[in-house]
Protein chains: 2
Amino acid sequence: MERRTPQRTAIEEALREAGRPLTPQELLELSRARVGSINLATIYRTLKMLTDAGDAVSVHIPGEPPRFEAAHIGHHHHFRCDECGRVFDITGCTGSMASLVPPGFKVREHEITLFGTCAECGKEPPGGAGTDRR
Amino acid sequence: MERRTPQRTAIEEALREAGRPLTPQELLELSRARVGSINLATIYRTLKMLTDAGDAVSVHIPGEPPRFEAAHIGHHHHFRCDECGRVFDITGCTGSMASLVPPGFKVREHEITLFGTCAECGKEPPGGAGTDRR
DNA sequence: ATAGATGCAAAGAGTTTGCATAGGT
DNA sequence: ACCTATGCAAACTCTTTGCATCTAT
């Protein structure tokens with residue numbers, strides 16, 4: 001049977017409240033702020049549990065370490081800012097991708113990642129000092 | 001100055017002739033078939049060179065190891081078959097993604113990955129024996 | 001002859017796993 | 001009291017790097 005431990009609670013809360021995809025390392029730090037002691041191995045084990053249960057999903061951005069986010073928001077995609085490195089959730093979707101594939105191919109799911117400049121970084125001169133919030 | 005070694009030639013040819021994204025490991029095996037001796041470190045070093053030069057691009061499929069392919073085909077996306085695990089190039093594209101992002105965000109590039117069943121696996125009963133060509 | 005490329009092995013980074021113990025039920 | 005979840009450390013996998021050697025130019 002599944003137990004409700006402070007570590008597990010901390011991880012789930014941190015994940016849910018972040019509202020954006022987190023790396024295991026980030027999650028470790030955020031969880032540690034909630035519960036005194038917690039270990040990276042626990043993060044990985046819990047993350048695996050949560051994704052298997054469908055309560056978390058992994059987000060893979062090319063050239064970036066894998067991140068995880070709570071699965072409460074429905075179908076959505078991601079935007080990575082070239083300047084600050086942050087990853088944002090994008091709720092829109094262009095709809096079916098079925099027209100892209102050759103005959104006989106069936107599309108079950110799709111994943112879109114956008115790259116560009118976020119609103120905040122767009123205001124400042126690109127490459128300006130102190131804009132890296134990664 | 002850059003030298004034309006048999007190893008480098010083998011890697012470039014293998015990459016180009018594969019016509020699909022290859023993992024470093026796959027590339028090692030295909031390259032080794034062309035030139036007697038070649039090492040994984042050389043694969044990685046050459047791959048890094050090629051991607052820096054824009055002659056190869058990395059392909060990241062969620063939950064899969066990173067792959068690399070020759071950059072000769074222009075803008076395209078990828079389809080991963082749930083059954084056989086193969087990754088296919090998809091030439092179509094739904095066009096601009098600019099409408100998906102919040103105001104102020106600028107889209108420079110996008111990447112789409114489709115998941116589903118390829119034509120070949122679609123013919124056979126799902127989960128049928130001997131269909132895994134991964 | 002010179003300098004870049006290769007192979008090998010060691011070093012790193014990220015992730016997983018075995019095992020003893022703490023702690024939830 | 002029982003048994004799952006945790007923490008720690010070792011093991012693993014993938015990738016990078018240092019260094020001596022080889023080889024294309």
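Proteins come first, then strands; the chains are lettered A, B, ... in the order of their sequence lines, and each starts at number 1.
- Listed for the T46(A) side chain is no donor-acceptor partner under 3.5 Å among the backbone atoms of I43(A).
- Of the possible donor and acceptor atoms, one in the side chain of R32(B) sits under 3.5 Å from a partner among the backbone N and O of I38(B).
- Checking the phosphate oxygens (OP1, OP2) of dG7(C), a side-chain nitrogen or oxygen of Q7(B) falls inside 4.0 Å.
- In this structure, the separation between NZ on K48(A) and OG on S58(A) is 11.5 Å, given to the nearest 0.5 Å.
- Nucleotide dT23(D) holds its P atom 15 Å from the CZ atom of R8(B), rounded to whole Å.
- Side-chain contact annotation: R108(B) with T117(A), donor-acceptor N/O pair under 3.5 Å absent.
- With 3.5 Å as the limit, one finds a donor-acceptor pair spanning the side chains of H110(B) and H75(B).
- Residue P65(A) is classed as having no contact, given no heavy-atom separation below 4.0 Å to the nucleic acid.
- For R3(B), taking side-chain heavy atoms from C-beta onward, the closest of the listed nucleotides dA24(D), dT15(C), dG7(C) is dA24(D).
- Rounded to an integer number of Å, the gap from M49(A) CE to dT6(D) P is 8 Å.
- Note: R3(B) CZ to R8(B) CZ = 10.0 Å, rounded to the nearest 0.5 Å.
- Going from atom CD of Q25(B) over to atom P of dC14(D) covers 8 Å, rounded to whole Å.
- For R4(A) and dC3(D), the CZ to C1' distance is 18 Å, given to the nearest whole Å.
- Atoms CZ (R32(B)) and C1' (dG7(C)) sit 11 Å apart, rounded to a whole Å.
- When distances are taken from the side chain of T5(B) to each of dT25(D), dG7(D), dA5(C), the shortest belongs to dA5(C).
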What pairs of nitrogen or oxygen atoms, one from the protein and one from nucleotides 16-21 of chain C, lie under 3.5 Å apart?
from	atom 1	to	atom 2	distance (Å)
dG18(C)	O6	R45(A)	NH1	3.3

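- The CD1-C1' distance, from I38(A) to dC8(D), rounds to 14 Å in whole Å.
- Note: CD1 (I43(A)) to C1' (dG14(C)) measures 14 Å, nearest angstrom.
- Atom CG of N39(B) and atom P of dC19(D) are 18 Å apart (whole Å).
- Salt bridge present: R4(B) and E12(B) bring a charged side-chain N and a carboxylate O closer than 4.0 Å.
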